[in-house]
There are 2 protein chains.
Amino acid sequence: MDDRPHVTLEDVAREAQVSLATASRALNGTTKVRSDLRERVLAAANQLAYTPNAHAQALAGGAHRTVGVICHDVSDPYFAGISRGVMRAADEAGLLVMLASTFRDPQKEIAYISMLRAQRASAILLVGSGFEDREWERALAAEIEPYQRGGGQVAVVSRHRTLRVDSVQPENREGAAQLARTLTAQGHRRFAVLAGPRALTTVVDRLRGFREGLAEAGVELAESHIVEASFTRDGGHAAMSELLARGLDATCVFAVTDVMAMGALAALREAGKSVPEDVSLAGFDDIPVVRDLAPPLTTVALPLEELGEKVMELAVRDNRGKRSRILRMPGTVVVRESTRAPTAP
Amino acid sequence: MDDRPHVTLEDVAREAQVSLATASRALNGTTKVRSDLRERVLAAANQLAYTPNAHAQALAGGAHRTVGVICHDVSDPYFAGISRGVMRAADEAGLLVMLASTFRDPQKEIAYISMLRAQRASAILLVGSGFEDREWERALAAEIEPYQRGGGQVAVVSRHRTLRVDSVQPENREGAAQLARTLTAQGHRRFAVLAGPRALTTVVDRLRGFREGLAEAGVELAESHIVEASFTRDGGHAAMSELLARGLDATCVFAVTDVMAMGALAALREAGKSVPEDVSLAGFDDIPVVRDLAPPLTTVALPLEELGEKVMELAVRDNRGKRSRILRMPGTVVVRESTRAPTAP
DNA sequence: TCCTAGCGTGAAAGCGCATTCAGAAAGCGC
DNA sequence: GCGCTTTCTGAATGCGCTTTCACGCTAGGA
């Protein structure tokens, strides 16, 4: 950019007939400035439509007012909810948010962190499940650690047992366990699970919790009853279709994500199965839309917006040197009409 | 931030035993550098975990690699869809996106533009309906114009008859008219409309188009059959409830937004009315979830992701001095099961 | 062999700002 | 009224980088 040069502080100072230093002080209010001078400066700035150059400010030692947020996909309601909380908190703190979507590409994630480092963002937030992959964890750490040494704050939502960062962790395991208890209490004994990629910590946790919950009622989940698919609506649809094609042998299906559950619901409807009469269906996350599905979805509610707010708070509240903080956010089982006692076989 | 000073180019140059200029050139590849020197520089940079300071780069005249996007609410599926397209395009162009949500507060919008100006963002994208408010338009222009004079690119999605900017415009009016034609063709004659705030250009356009489409079939829409509410799921719910309380006198309800339609659907269900047996319901936007509702929603499909990609393209493709470009994006009526011929009264 | 291009390199200027430092003006006590 | 402290102002410095600018070197032609 920069066709015509920008209006600079120097222009303002000249217009107001004061020194550059005085103009700077008048604008920032850091030091007392004689009131008539300040008036002149403000008037000049206003008249020239002056906007300080944030790069110059940052370079000259002023505060950096931006935070970076990296998530998998903004258009996924789960991340959209969290982003909303992040932005609300950022707004209150007067911070500018740089949001990037990685579309689940680990390489892109690293690249974005590097860019945010270059921007000297005051904090970087990683939102979303991590990969269970040594190589990637190492590459990530290689970006994160120098950034932290430079004074950067890092906070994450979910995942990351290896990274030394503050984190907000949804209680995926316990939430899934609770859900399992609820479902077995309703009388279900034969389950199928629509899982996301097993490389994601979130999937692993929810799966494990669910199994544990089932185990308490003496129910086992056969590996053959778990279908793995991508973490999307279409992934859920495909997984459910496959399950159906195999000849579904379950009274209740648990999709590890609401988004997947939506796809599953569609697949069931297309196959002429009705929920919950023929089969019960449960999800996880409680994204806003699922209460409006027909039938409304039983799920585990996560306070998405609050997740976003908390992670931002962690990032803003300075925590240098101290050990990393962990905020656990419990999930709450919300029973709606998509699950009910199985009809006698 | 900045506890420990950052690694600077000077550190790298010293480590590699070359001058600062050479180090810069080696890293950027702008000029030929003797290969052994370049190797040394690269090695040193890598070893020191050097990341260039983007602020210094920008200040020194390097390219600015960020664009700002301002929308009403990231968590709204409509904006989420557009954001997705924007980010995909930004990613391809190697740009960093700063995304801000205004939560429909005009003041906040102005404030964000100012911050983006300060960041010397290479482009600013305004996504979402504008307000029909002289005062606000003036204030907006006062931010936008100096920015453009400084060489900044501005592009918007929808709205803004007064601003001299490139824009991508969904054909709200024509889309709504098409929808009206479709509905009258199905046999509907008595309509009600769930409108968003009348101060939004999007609402005005859709309303007008819908009326025009109805008029072609000789149907009029009484002002009393239009309920105004906020542009949200709950807004739609409230508006529908009010309509029901008044004694709904229509065979078909048009919600100007899919999100509102979802709320309306819930309200209808709660009131014991079934769609489309008792009343037909149509929306606008075709956000991803509506095809999974029960019944799937009839609506006007807008290519949301493409909207985002296009607006980004406009902003990136330089257009200095030339007249502003307008890209019209047609909507397509998608008939699903939420509408059908009214049952004889 | 000498001179001229031409390529690579390093020194230095400057991007726009905050801030330090020194000095001028103003206020105080005596 | 004089010297002192206290305020406020302006000149100058530096943040980290890109980019001239000028110079030294090698290669090629005469």
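In the text below, chain A, chain B and the rest are named by the order of the sequence lines, each starting its count at 1. Note that the coordinates shown come from a computational prediction; the quantities given were computed from them, not determined experimentally.
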So for B:R38 and C:dG8, does any side-chain atom that can act as donor or acceptor lie under 3.5 Å from a complementary atom in the base? no
Protein-nucleotide distance (A:R25, atom CZ; D:dT9, atom P), rounded to Å: 7 Å
Within the structure, does a side-chain N or O atom of B:T22 lie under 4.0 Å from either OP1 or OP2 of C:dG10? yes
In Watson-Crick or G-U wobble terms, with both distances under 3.5 Å, the base opposite C:dC30 is D:dG1
Among D:dC17, C:dG8, C:dC17, which nucleotide has an atom closest to any side-chain atom of A:T8? C:dC17
Run the side chain to side chain donor-acceptor pair (under 3.5 Å) test on A:R117 and B:T51 for me, step by step, so that the C-alpha distance in whole Å, both residues' side-chain angles and the decisive distance to 0.1 Å come before the verdict. CA-CA 7 Å; A:R117 276 224 283 158; B:T51 305; 2.9 Å; yes
For A:Y50 and C:dG16, what is the distance between atoms OH and C1' respectively, to the nearest whole Å? 7 Å
Does a side-chain N or O from A:Q57 land closer than 4.0 Å to OP1 or OP2 of C:dC17, or not? no
Once you apply a heavy-atom cut-off of 4.0 Å, does B:L37 come out as touching a base, just sugar-phosphate, or nothing? sugar-phosphate
A:R117 CZ - D:dG16 C1' separation (whole Å): 15 Å
Minimum-distance nucleotide to B:N53 side chain [options: D:dC17, C:dA12, C:dA18]: D:dC17
Go through the steps for B:H72 and B:F103 under the test ring pair (Phe, Tyr, Trp, His ring centres under 6.0 Å), then give the verdict. CA-CA 5 Å; B:H72 292 306; B:F103 299 109; 9.9 Å; no
Does A:N28 have a side-chain nitrogen or oxygen under 4.0 Å from the phosphate oxygens OP1 or OP2 of C:dA18? yes
In whole angstroms, how far is the P atom of D:dT9 from the CD atom of A:Q17? 15 Å
Can you check the B:L48 CG to D:dG16 P distance for me, whole Å? 14 Å
D:dG16 base / A:R120 side chain donor-acceptor hit below 3.5 Å: no
What I'd like to find out is whether the side chain of A:V316 reaches to under 4.5 Å of the side chain of A:L95, using heavy atoms alone. yes
Kindly indicate, with the supporting measurements, whether the criterion salt bridge (charged side-chain N to carboxylate O under 4.0 Å, His left out) is fulfilled by B:D73 and A:R84. CA-CA 7 Å; B:D73 184 356; A:R84 183 174 224 264; 2.6 Å; yes
Choosing from C:dT9, C:dG10, D:dT9, which nucleotide comes nearest the side chain of A:R34? D:dT9
For B:D91, is there an ion pair with B:R88 - N to carboxylate O distance below 4.0 angstrom? no
The residue, A:K32 or A:L20, whose nearest nucleotide of DNA chain D is more 5′ is A:K32
Provide, to the nearest angstrom, the distance between the CD atom belonging to B:E10 and the P atom belonging to D:dT18. 14 Å
For C:dA18 and A:S24 - does any side-chain N or O of the residue sit under 4.0 Å from the phosphate oxygens OP1/OP2? yes
Side chain of B:A21 - closest among C:dC17, D:dT19, D:dG10: D:dT19
Just how far, in rounded Å, is P of D:dC15 from CD of A:Q119? 21 Å
Give a yes/no answer on whether the side chain of B:S19 brings an N or O atom under 4.0 Å of OP1 or OP2 in C:dT9. no
Heavy-atom side-chain contact between A:V154 and A:Q148 under 4.5 Å: yes
Rounded off to whole Å, could you give me the NE2-to-C1' distance for the B:H55 and D:dT18 pair? 17 Å
